[in-house]
2 protein chains.
Amino acid sequence: MSAPDVRTRIVMAAMELFWVKGYNSTSIADILSRTQLNAGSLYHVFPGKQDVLIAVLEAYRDGLYENLVDPAWEGVDDPVERIFALLARYRWLILETDCTYGCPIGSLALELHEADPVVRELLAVNFTGWVGAILRCLDDAGDRLPPGLDKQALAEFVLTTMEGGVMQARTHRDVGYFDRGVSALRDHFDMLLARAARRAQPA
Amino acid sequence: MSAPDVRTRIVMAAMELFWVKGYNSTSIADILSRTQLNAGSLYHVFPGKQDVLIAVLEAYRDGLYENLVDPAWEGVDDPVERIFALLARYRWLILETDCTYGCPIGSLALELHEADPVVRELLAVNFTGWVGAILRCLDDAGDRLPPGLDKQALAEFVLTTMEGGVMQARTHRDVGYFDRGVSALRDHFDMLLARAARRAQPA
DNA sequence: AGCCCTATTGAATGCTCGTTCAAGAACCGG
DNA sequence: CCGGTTCTTGAACGAGCATTCAATAGGGCT
């Protein structure tokens with residue numbers, strides 16, 4: 001319950017500000033006023049603004065399960081349903097933000113056009129972590145999915161569905177765009193599950 | 001062959017700069033040096049920077065078929081193949097830019113967090129136009145697709161696949177992410193076409 | 001108390017940005 | 001060739017930006 005240290009306060013404030021305003025549109029002054037710190041304190045901990053971004057991306061990477069995946073999977077055991085539970089969590093975030101929600105990683109990935117290699121690598125790692133969580137579900141689904149299915153590709157496709165749905169929902173300010181994307185993915189899974197069942201049934 | 005007028009030169013330069021560097025990272029000075037114009041000339045035509053953005057988005061909207069769709073569809077008549085021909089064009093763009101390609105509209109949609117209503121509407125209209133082109137293909141495919149299929153949703157799903165694939169390909173600097181997304185969408189279409197054929201065959 | 005190292009303060013710096021505007025050039029109808 | 005309008009020039013402005021740093025405070029050790 002003790003006050004978090006300076007570094008943590010900065011990272012948490014920057015996390016939210018980068019998410020709401022984007023990286024370039026967030027000034028150091030924004031972070032300072034939000035954290036009630038002075039410029040020197042920030043620059044004592046971080047060499048520069050980009051290093052704050054790096055710390056934010058590391059925080060997303062390290063908090064993936066704790067902050068996003070585990071809450072979404074609470075009370076959901078079926079591996080396939082876990083995938084859609086995670087997507088449902090994003091739907092909730094969209095509603096909670098009046099359809100202004102944007103995936104923090106996706107937004108940063110598209111905003112930073114000439115990103116430093118370290119930053120780009122962290123963006124990629126964040127995507128890989130997310131896809132890894134889905135991949136775990138697909139592995140757990142075992143032979144309910146067709147044999148020979150490229151599970152890595154399918155896991156990436158789930159991320160694609162989320163990112164595309166979030167992007168369109170925000171642009172149109174309408175969850176329907178997200179819902180229809182998830183619905184299409186659901187059809188995709190249903191067809192895959194049906195195909196696997198058809199092969200398994202006639203033993 | 002005569003030199004294009006000032007407005008056109010500005011819009012064309014801004015189109016490329018916004019695409020390469022993003023909106024916020026492109027300065028008026030960038031546009032001026034690229035067009036060899038002076039500040040006064042730009043401000044004589046446009047009230048401000050945002051109006052340049054609006055003109056750029058209108059140009060994308062108005063040039064959708066001429067600059068993107070028609071070239072992609074040249075020599076491709078089958079409506080379903082036209083969808084994948086359009087995606088193939090994006091694949092080519094990704095390769096042409098060494099996997100740094102980003103959809104101009106998608107990038108702007110995620111970069112502009114607190115966008116003016118006019119700008120947001122134009123972003124939405126651009127998406128709608130793109131989806132409309134896909135929808136036309138789906139309609140042309142007629143009863144090759146299952147009856148009762150939500151074609152609007154499927155068309156949006158194609159956009160989702162493109163945006164998600166482009167985003168991941170760029171972040172990982174690897175076309176494979178785009179290819180696997182398209183491949184998953186191909187599977188999706190194959191399964192839909194097979195389902196429709198199964199229903200039609202046993203007359 | 002005295003010392004040293006770490007942490008904080010907040011004004012100052014230099015830069016870039018979008019935008020303005022008075023002055024002048026180019027154009028055109030009569 | 002004149003008068004009026006449109007377009008261009010390019011310096012100037014003020015605001016906001018990331019970053020620096022000398023001065024100061026705090027905390028732990030002897």
Side-chain angles (χ1 to χ4, degrees), chain A residues 2-58 107-108 111-120 122, chain B residues 2-58 107-108 111-120 122:
Chain A
S2 63
D5 67 4
V6 169
R7 196 192 140 93
T8 306
R9 281 163 63 198
I10 291 170
V11 170
M12 284 178 58
M15 243 173 160
E16 176 159 354
L17 286 166
F18 291 167
W19 171 56
V20 173
K21 312 181 58 173
Y23 175 71
N24 285 310
S25 300
T26 296
S27 67
I28 297 289
D30 287 334
I31 298 174
L32 297 177
S33 82
R34 175 76 68 110
T35 52
Q36 302 277 45
L37 291 169
N38 295 98
S41 298
L42 188 147
Y43 282 93
H44 181 72
V45 178
F46 295 103
K49 190 183 177 187
Q50 183 181 268
D51 301 273
V52 177
L53 172 62
I54 289 171
V56 164
L57 291 173
E58 287 170 344
S107 296
L108 288 170
E111 179 187 351
L112 304 167
H113 287 241
E114 285 159 351
D116 185 278
V118 177
V119 171
R120 213 185 31 121
L122 274 167
Chain B
S2 63
D5 67 4
V6 168
R7 197 192 139 93
T8 306
R9 281 163 64 198
I10 292 171
V11 170
M12 285 177 58
M15 242 172 160
E16 177 158 354
L17 287 165
F18 291 166
W19 171 57
V20 173
K21 311 181 59 172
Y23 175 72
N24 284 311
S25 300
T26 297
S27 67
I28 298 288
D30 287 334
I31 298 173
L32 297 177
S33 82
R34 176 75 67 110
T35 53
Q36 302 277 45
L37 291 168
N38 296 99
S41 298
L42 187 147
Y43 281 93
H44 181 73
V45 178
F46 294 104
K49 189 184 178 187
Q50 184 182 267
D51 302 272
V52 178
L53 172 62
I54 289 171
V56 163
L57 290 173
E58 287 170 343
S107 296
L108 288 169
E111 179 187 352
L112 304 168
H113 288 241
E114 285 158 352
D116 185 278
V118 177
V119 171
R120 208 178 42 87
L122 274 166

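Since we're looking at a predicted model, the values are computed, not measured. Numbers restart at 1 for each chain; the letters A, B, ... are given by sequence-line order, proteins then strands.
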*Would you kindly give the CG-to-C1' distance between L37(B) and dA25(C), to the nearest whole Å?*
16 Å
*Nearest-Å distance for atom pair CD1/C1', residues I31(A) and dG16(D)*: 15 Å
*asked:* For the residue pair T8(B) / D5(B), report whether a side-chain donor-acceptor contact shorter than 3.5 Å exists.
replied: yes
*Whole-Å distance between dT20(D) C1' and I28(A) CD1?*
13 Å
*Nearest-Å distance for atom pair CG/P, residues L17(A) and dC17(D)*: 12 Å
*Shortest non-hydrogen contact from N24(B) toward S25(A)*: ND2-OG, 3.6 Å
*Which whole-number value in Å describes the distance from K49(A) NZ to dT20(D) P?*
15 Å
*Across the strands shown, which category fits V6(B) at heavy-atom distances under 4.0 angstrom: base, sugar-phosphate, nothing?*
sugar-phosphate
*Got a donor-acceptor contact below 3.5 angstrom from the E111(A) side chain to the G22(A) backbone?*
no
*Which residue, N24(A) or G40(A), contacts DNA chain D at a nucleotide closer to its 5' end, judged by nearest heavy atom?*
N24(A)
*Take the protein atom CD of Q50(A) and the nucleotide atom C1' of dT19(D), then report the distance between them rounded to whole Å.*
14 Å
_It should be established whether S41(A) places a side-chain nitrogen or oxygen under 4.0 Å from OP1 or OP2 of nucleotide dA7(C)._
no
_Can you measure D30(B) atom CG to dG18(C) atom C1' for me and round it to whole angstrom units?_
12 Å
*Establish, from distance only, whether the side-chain atoms of N38(B) and S41(B) form a donor-acceptor pair under 3.5 Å.*
no
*What does T26(B) touch in the nucleic acid at a heavy-atom separation under 4.0 angstrom: a base, only the sugar-phosphate, or nothing?*
sugar-phosphate
*Would you please confirm or rule out a distance under 4.0 Å between OP1 or OP2 of dC7(D) and any side-chain N or O of H44(B)?*
yes
*With respect to the phosphate group of dT8(C), does any side-chain polar atom (N or O) of N38(A) fall under 4.0 Å of OP1 or OP2?*
no
*Examine distances only and state if a side-chain atom of R9(A) and a backbone atom of T35(A) form a donor-acceptor pair shorter than 3.5 Å.*
yes
_Any Y43(A) side-chain nitrogen or oxygen under 4.0 Å from OP1 or OP2 of dT20(D)_ = no
*In whole angstrom, what separates K21(B)'s NZ from dC17(C)'s C1'?*
12 Å
